Protein chains: 2
Amino acid sequence: MPIDSFKNLPVKDLAQLFKLLAEPNRLHILCSMGLECRPVSAIIAGTGLTQTNVSFHLRALREAGLVKAERHGSFVFYCLYDTRLLELLEALNDWRQVHAPSTEFVSGQATQAS
Amino acid sequence: MPIDSFKNLPVKDLAQLFKLLAEPNRLHILCSMGLECRPVSAIIAGTGLTQTNVSFHLRALREAGLVKAERHGSFVFYCLYDTRLLELLEALNDWRQVHAPSTEFVSGQATQAS
DNA sequence: GACTCACATGCGTGGCAACACATATGCCTA
DNA sequence: TAGGCATATGTGTTGCCACGCATGTGAGTC
């Protein structure tokens with residue numbers, strides 16, 4: 001693997017993944033799922049989104065292979081396919097905090113980069 | 001730090017970062033910059049995009065703090081603020097290859113996940 | 001089978017983002 | 001200072017995406 005292997009990154013595919021993660025609500029859904037499987041109703045309650053909207057986003061995440069759905073009775077449980085995604089999100093967030101703090105709350109105070 | 005610290009991720013800010021990275025051309029620009037500083041004209045040549053478009057995307061990246069601009073004569077050189085971003089991109093791409101291959105080329109053959 | 005609950009889907013709408021064209025600005029050279 | 005090159009910016013258009021409403025489907029209960 002050459003040093004500048006990032007020049008050969010599949011930009012298009014990677015961008016498609018980022019597009020999925022670029023939606024605050026979708027990201028919220030992913031994070032609120034965490035490590036466990038939860039029924040859609042729990043996700044709706046946890047996020048405060050409408051049922052239509054949650055279903056819409058779950059479909060996108062499911063079709064992209066980020067989450068999987070399992071029927072249990074009349075409930076459909078959703079969970080992450082690979083929870084390591086959350087670690088990557090945290091890593092990226094650590095980087096962001098240092099680098100592009102934008103709107104960030106530090107010890108209860110808003111530090112807006114004007 | 002609790003185990004489920006990802007439930008406290010600043011979803012909105014993180015999504016904003018992903019939004020920047022969700023544009024194939026913008027991602028291409030970032031990757032093609034690599035570790036060195038390059039003038040806009042080089043980026044234009046490297047990406048094949050129009051001057052307007054490159055300038056447009058560079059502005060977004062600059063205002064987000066992902067890249068910095070330096071004037072040298074009549075040229076403006078752009079480079080990454082923190083090249084560790086590329087490592088994160090690679091990590092995320094490795095994850096993606098395993099997990100959401102979507103449209104991926106392996107040894108010249110398209111392996112479409114139908 | 002009728003009713004209910006959990007979830008999915010089709011359709012229409014509004015808003016935003018990428019892009020191109022034209023033009024402005026800044027720097028250099030002669 | 002005139003002219004040309006490098007880059008930025010303003011405006012308008014187009015296309016896509018998130019969202020809500022209404023409705024469909026599938027499972028469980030009686």
Side-chain angles (χ1 to χ4, degrees), chain A residues 11-33 36-79 100 102-103, chain B residues 11-33 36-79 100 102-103:
Chain A
V11 165
K12 210 171 174 182
D13 294 324
L14 205 44
Q16 204 166 355
L17 171 60
F18 285 135
K19 209 172 194 176
L20 275 173
L21 302 174
E23 245 297 308
N25 291 330
R26 219 140 46 199
L27 212 49
H28 191 189
I29 289 174
L30 285 178
C31 294
S32 79
M33 274 200 303
E36 341 154 3
C37 289
R38 306 179 66 195
V40 178
S41 50
I43 297 174
I44 293 174
T47 58
L49 300 175
T50 64
Q51 185 264 322
T52 303
N53 207 7
V54 167
S55 204
F56 169 72
H57 287 307
L58 283 176
R59 181 186 190 178
L61 294 172
R62 175 168 29 99
E63 288 182 345
L66 295 191
V67 304
K68 58 183 171 189
E70 275 181 32
R71 260 213 117 98
H72 283 242
S74 60
F75 289 79
V76 178
F77 285 73
Y78 277 86
C79 47
S102 66
T103 316
Chain B
V11 165
K12 209 170 173 182
D13 295 324
L14 205 45
Q16 204 167 355
L17 172 60
F18 283 133
K19 207 172 195 176
L20 275 172
L21 302 174
E23 245 298 310
N25 291 330
R26 219 139 47 197
L27 212 50
H28 192 188
I29 289 174
L30 285 177
C31 295
S32 79
M33 274 199 305
E36 341 154 4
C37 289
R38 306 179 66 193
V40 179
S41 51
I43 297 174
I44 293 174
T47 58
L49 301 175
T50 64
Q51 184 265 322
T52 301
N53 208 7
V54 168
S55 203
F56 170 72
H57 287 307
L58 283 176
R59 182 186 189 177
L61 294 172
R62 174 167 28 99
E63 289 182 345
L66 295 192
V67 305
K68 59 184 170 186
E70 274 181 34
R71 260 215 117 95
H72 283 242
S74 59
F75 288 79
V76 178
F77 284 73
Y78 277 85
C79 47
S102 67
T103 317

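Note that the structure is predicted; figures quoted are calculated from it, not measured. By convention in this document, chain letters (A, B, ...) are assigned in the order of the sequence lines, proteins followed by strands, and residues within each chain are numbered from 1.
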A:K19 NZ - C:dC16 C1' separation (whole Å): 12 Å
Who pairs with A:N53 by side chain to side chain donor-acceptor pair (under 3.5 Å), at least two apart in sequence or on another chain? A:H57
List the steps, then state whether side-chain contact (heavy atoms from CB on, under 4.5 Å) holds for A:C79 with A:E36. CA-CA 6 Å; A:C79 47; A:E36 341 154 3; over 6 Å; no
Expressed as a whole number of angstroms, how long is the span from B:L58:CG to C:dC19:P? 12 Å
If you pin A:R59 and A:S74 to their nearest nucleotides in DNA chain C, which one's is more 5'? A:S74
A:N25 vs A:T47 side-chain heavy atoms within contact, under 4.5 Å: no
Is the closest side-chain heavy-atom distance between B:H72 and B:P39 below 4.5 Å? no
Please check: side-chain N/O of A:R26 versus main-chain N/O of B:A15, any donor-acceptor pairing under 3.5 Å? no
Less than 4.5 Å apart, any side-chain heavy atom of A:L66 and any of A:L17? yes
Rounding to an integer number of Å, can you tell me how far B:L49 CG sits from C:dA20 P? 8 Å
Under 4.0 Å, heavy atoms only, any strand: does B:S41 hit a base, just the sugar-phosphate, or nothing? sugar-phosphate
Residue pair A:Q51/A:R71 against DNA chain D: nearer the 5' end by closest nucleotide is A:Q51
Kindly state which residues belonging to residues 20-27 of chain B come within less than 4.0 angstrom of DNA chain C, counting heavy atoms of the residue only, listed by number. B:E23, B:N25, B:R26
What is the first contacted nucleotide of DNA chain D and what is the last, in 5' to 3' order, if contact means an atom lying under 4.0 angstrom from a heavy atom of chain A? D:dC17 to D:dG28
B:F18 atom CZ is separated from C:dA17 atom P, nearest whole Å, by 17 Å
A:R62 side chain vs A:Y78 backbone, donor-acceptor pair below 3.5 Å: no
Do B:L30 and B:V67 touch side chain to side chain, with heavy atoms closer than 4.5 Å? yes
May I ask you to say what A:T50 touches in the nucleic acid, namely base, sugar-phosphate or nothing, with a heavy-atom cut-off under 4.0 Å? sugar-phosphate
Taking atom P of C:dA22 as reference, at what distance in whole Å does atom CG of B:N53 sit? 16 Å
Within this structure, what is the CD1-to-C1' distance between A:I44 and C:dC5, rounded to whole angstrom? 12 Å
May I have the distance from B:L61 (atom CG) to C:dA18 (atom C1'), rounded to whole angstrom? 13 Å
Quick check against the 3.5 Å criterion: does A:S55 have a side-chain atom that pairs as donor or acceptor with the backbone of A:Q51? no
Whether A:T52 contacts C:dT9 is assessed here as follows: a side-chain N or O lying under 4.0 Å from the phosphate OP1 or OP2. Is that the case? no
So, OP1 or OP2 of C:dA6: does either fall under 4.0 Å of a side-chain N or O from A:Y78? no
